[in-house]
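For this chain, numbers begin at 1 and follow the sequence in order. Ligands are counted one by one from 1 in listed order, and the atoms in each one are counted from 1 as well.
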Amino acid sequence: MSVTELQEYMRCRRQWDYSSANRKSLVQRGAPRKELWMGSAMHAALGAQIMGEDPMEALERYIQLIRKETAEEYLRRVGAPMSTEEWLAFDESAVLCHRVIDNYFKHFGDTPYNGKKGKHPKLTPLASEITFMIPMPVDLSTSDYDVVYLVGTIDALFTDPNGGIVIGDHKTFSQKADIRDLQLDHQFTGYAACMQVLIDQPVDHFLYNGVNKKVPGIPKVLKGEGPTKGRLSREWIDTTANTYRRAILDNGEDPTDPYYSGHLARLLERDTNNNVFFIRHYLDVYPSAVRQWWDNTLALLEEMAHDPVITFNRTWTGCWDCGVRDLCDAQLKGQDVEWLKNEDYVIGTYGTKQALESTVSPETVGSISDLIEFAQKQHEKLPEVTG
Ligand code: SF4
């Protein structure tokens with residue numbers, strides 16, 4: 001069971017039952033959703049940089065891998081190759097990934113965790129992309145399962161200037177998260193709890209490293225016959241002071257012109273204090289929250305391993321977060337769910353081969369130095385970029 005699967009189970013058992021790899025494992029036919037692979041590609045780039053590799057090369061390597069897997073998976077799910085339009089959409093997403101990651105390193109520089117821009121102390125990166133597998137003490141005497149593992153991937157491991165342990169999570173987002181929602185987040189607390197078991201020492205902080213899946217917008221040149229004709233719009237769009245300044249120069253104008261100076265100052269202030277594209281939160285990890293997370297997780301796993309009653313939870317927000325809503329709709333309306341399943345879904349596979357091959361568990365690591373050594377060895381095994 002993955003840490004995110006626990007969340008799916010708590011959110012709605014029907015959704016969990018349809019989509020979990022431990023249950024019906026249904027995935028929709030067609031190309032994989034771009035928001036899923038784009039987030040993973042950006043993770044690969046940020047993770048590689050922590051291990052001392054060129055992030056842009058790592059990104060390209062990951063995109064090549066996904067391209068190959070997407071073609072194979074599409075053929076398996078649909079029975080025909082992907083169309084030119086679908087490949088064009090894929091390529092557009094790949095270009096966006098490159099631009100976002102390039103902007104990230106332009107913003108944070110070559111040492112992105114030095115604390116100069118991220119509102120956290122200087123952090124020393126130790127390891128990245130740590131996929132773990134922890135056997136859980138669940139009573140399975142009356143269960144169909146033989147063993148229950150808790151699995152997940154922790155994006156980054158750091159130390160702070162006092163030697164405290166910090167774990168990090170790279171989150172690609174389209175909408176900004178509120179720090180109050182993140183502070184006791186289930187996933188973050190869970191990753192801290194799991195890391196504590198792996199390295200046998202407490203985790204002190206959590207770094208939320210938010211990356212917007214967007215690039216700065218270019219301001220429009222104003223039309224019409226008014227006095228501002230031909231000048232740039234000062235509309236409050238998602239852009240940066242640098243991008244805006246470059247657009248002024250490209251428009252043959254002077255950034256120090258009073259028409260632009262106030263707007264540029266406001267953009268610079270937003271870039272510094274409330275950046276639209278890159279957001280970091282440095283959160284405390286509460287030992288009490290970690291203890292309660294374990295208790296809660298053990299109780300949930302106990303239920304999940306004993307064929308729980310499959311209830312559903314149709315929320316007033318409309319279940320926008322559900323990947324199997326059409327199946328649920330059909331079921332609620334008394335329509336032919338089996339037909340829909342056969343028509344639109346296939347059985348998915350669990351995790352990526354690469355992630356499953358490089359897994360740490362309390363049997364393979366017992367301290368932070370073991371973990372660092374393991375992460376370095378895994379990193380050395382990665383294939384070279386080709387083509
Ligand atoms: S649509 Fe809502 S109620 Fe139905 S399975 Fe999805 S999350 Fe559950």
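N275 places no side-chain N or O within donor-acceptor distance of the main-chain N or O of T272, the cut-off being under 3.5 Å.
Residue K229 holds its NZ atom at 10.5 Å from NZ of K223, rounded to the nearest 0.5 Å.
Side-chain atoms of R246 and T240, non-hydrogen and from C-beta on, never get closer than 4.5 Å to each other.
If you count the protein N, O or S atoms nearer to atom 8 (Fe) of ligand 1 than 2.8 Å, you get 1.
V365 and F374 make their closest contact through CG1-CB, 4.3 Å (heavy atoms, listed as atom of the first residue, atom of the second, distance).
With a 6.0 Å radius and a threshold of 12 heavy atoms from other residues, nucleotides or ligands, D295 has its CG atom above the threshold.
Relative to the six-membered ring of W320, R325 misses at least one condition, a distance below 6.0 Å or an angle of at most 45° to the axis.
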